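Below, all heavy atoms of this structure are taken into account, side chains as well, without hydrogens, waters or symmetry copies. A quick note: this is a predicted structure, and the numbers were derived from the prediction, not measured.
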Amino acid sequence: MTDHSPHPPHGSDGSDSSDSSDGDAEAGLRDRWHDTLVATRAGADGPDPLPYAENLLARWAEPQRRYHTTAHLSTVLDRVDTLAGHADDVHAVRLAAWFHDAVYRPDRSENEERSAALAERALAEAGVPDAVVAEVARLVRLTVTHDPAEGDRNGEVLCDADLAILAGGPQEYGAYAAQVREEYGFVPDEAFRAGRAAVLRQLLDLPRLFRTPYGAAEWEARARHNLATELELLTSSGTG
């Protein structure tokens, strides 16, 4: 994969049990990447998938990340599996999940565009057909708004999988909100509350958070409850 050198993967020294657990999780992710890339090539030859996985995993383990980590990647991939029957091309959706936050700097606004451009370069080099490369890049760019067009089944799956954290239980959602705050630790409290409240209102104003039948049935109500609760807490603790 051609781009700037990534940071070394987190937990690569295997120094304690948590590092071992991280290593096991990363091994599983490498296997998932390999299987998806090979399936997408549909029998065509291509370079070794492993270096691409290593580069992507290193990106997802960069030190500025607290929520947008390999744990988030793994969870999104799990949710894509849950929704796989709704997708028109689940392999393209899985590749898009790998790339959707591959470039992530919380102080910048062009992360999705840079991630999509990375996907275009890397997947073409990795032997993925042009049409699939274009679809993956389109899906990554869609995560700017999480607002797929009616009938965009691939987009519906990716966006629902990415937003599924909003429907987590109280502890899971609380951890997510705290991790987001940590990623924006450079932003003063008042400014963060105002910005976060605006994001929450934008989400709550959407007619539907989730577009797949499963997401609508299983995640919509709890997600709206969580968003409304967080918004109330933010606005009661300061200006929002």
Side-chain angles (χ1 to χ4, degrees), residues 10 21-22 25-26 28-29 32 56-57 59-62 64-84 86-87 90 93-106 111-112 115 139-148 154-185 187 192-193 195-234:
H10 173 70
S21 176
D22 288 346
E26 289 192 0
L29 284 168
R32 294 170 87 162
L56 285 164
L57 288 171
R59 291 171 179 277
W60 282 92
E62 290 166 341
Q64 76 275 13
R65 298 170 183 255
R66 294 296 182 270
Y67 171 66
H68 295 88
T69 64
T70 51
H72 172 60
L73 169 61
S74 183
T75 298
V76 172
L77 289 169
D78 288 345
R79 299 296 179 264
V80 171
D81 288 348
T82 298
L83 304 172
H86 187 75
V90 73
V93 179
R94 290 185 177 118
L95 289 175
W98 274 92
F99 280 96
H100 81 284
D101 285 318
V103 177
Y104 182 74
R105 289 284 300 274
N111 291 315
E112 292 86 359
S115 295
L139 291 169
V140 172
R141 292 184 172 104
L142 187 59
T143 62
V144 174
T145 62
H146 292 95
D147 189 18
N154 290 339
E156 289 172 347
V157 170
L158 179 64
C159 290
D160 278 19
D162 194 27
L163 293 181
I165 182 60
L166 301 180
Q171 185 172 357
E172 183 182 11
Y173 188 89
Y176 150 72
Q179 289 163 353
V180 170
R181 180 64 184 107
E182 287 179 33
E183 287 187 338
Y184 286 87
V187 178
F192 177 82
R193 284 196 298 267
R196 179 67 177 169
V199 170
L200 297 175
R201 291 188 183 104
Q202 182 180 31
L203 288 168
L204 285 167
D205 284 345
L206 291 173
R208 291 181 296 164
L209 290 167
F210 298 101
R211 308 299 182 87
T212 64
Y214 183 96
E218 299 295 329
W219 297 334
E220 183 82 19
R222 181 180 288 276
R224 288 191 175 275
H225 172 77
N226 286 339
L227 292 169
T229 299
E230 185 186 357
L231 180 60
E232 181 179 358
L233 291 171
L234 280 172

Check whether any side-chain heavy atom of V90 lies under 4.5 Å from a side-chain heavy atom of V157, and answer yes or no.
no
Inspect the contact between D160 and R208 and indicate whether a charged nitrogen and a carboxylate oxygen are less than 4.0 angstrom apart.
no
Electrostatic pair R59:D101 at N-O distance under 4.0 angstrom:
no
Are side-chain heavy atoms of L142 and L158 found at a separation under 4.5 Å?
no
Counting only heavy atoms not in E232 (residues, nucleotides, ligands), do more than 12 fall under 6.0 Å from its CD?
no
Can you check whether L73 reaches W98 side chain to side chain, under 4.5 Å on heavy atoms?
yes
Compare every heavy atom of R222 with every heavy atom of G169, then report the nearest pair and how far apart it is.
CA-NH1, 4.0 Å
Report yes or no: is the cationic atom of R65 (NZ for Lys, CZ for Arg) closer than 6.0 Å to the six-membered ring centre of Y104, at no more than 45° off its axis?
no
For Q202, does the CD atom have more than 12 heavy-atom neighbours from other residues, nucleotides or ligands under 6.0 Å away?
no
Kindly give the heavy-atom pair with the smallest separation between R196 and V180, and that separation in Å.
NH1-CG1, 4.2 Å
Quick one, L166 and Y176 - any side-chain contact, counting heavy atoms below 4.5 Å?
yes
Taking the side chain as every heavy atom from C-beta outward, state whether Y214 and T82 have any pair of such atoms under 4.5 Å apart.
yes
CH2 of W219 to CZ of F210, rounded to nearest 0.5 Å, is 6.5 Å
Check ion pair E62-R105 (N to O, under 4.0 angstrom)
no
For A161 versus L83, what's the shortest heavy-atom pair and its separation?
N-CD1, 4.1 Å
I'd like to know if the side chain of S115 and the backbone of V103 have a donor-acceptor N/O pair within less than 3.5 Å.
yes
For the residue pair E112 / H100, report whether a side-chain donor-acceptor contact shorter than 3.5 Å exists.
no
Which atom of R211 lies closest to which atom of E156, heavy atoms considered
CB-CG, 3.4 Å
Do the non-hydrogen side-chain atoms of R94 and D81 ever get within less than 4.5 Å of each other?
yes
Taking the six-membered ring for Trp, are Y67 and H72 ring centroids under 6.0 Å apart?
yes
Hey, mind stepping through F99 and L56 against side chain to side chain contact (heavy atoms under 4.5 Å, CB included) and telling me if it holds?
CA-CA 8 Å; F99 280 96; L56 285 164; 3.7 Å; yes
Any side-chain heavy-atom pair from N226 and E172 closer than 4.5 angstrom?
no
With side chains defined as the heavy atoms from C-beta onward, is the minimum distance between I165 and T75 less than 4.5 Å?
no
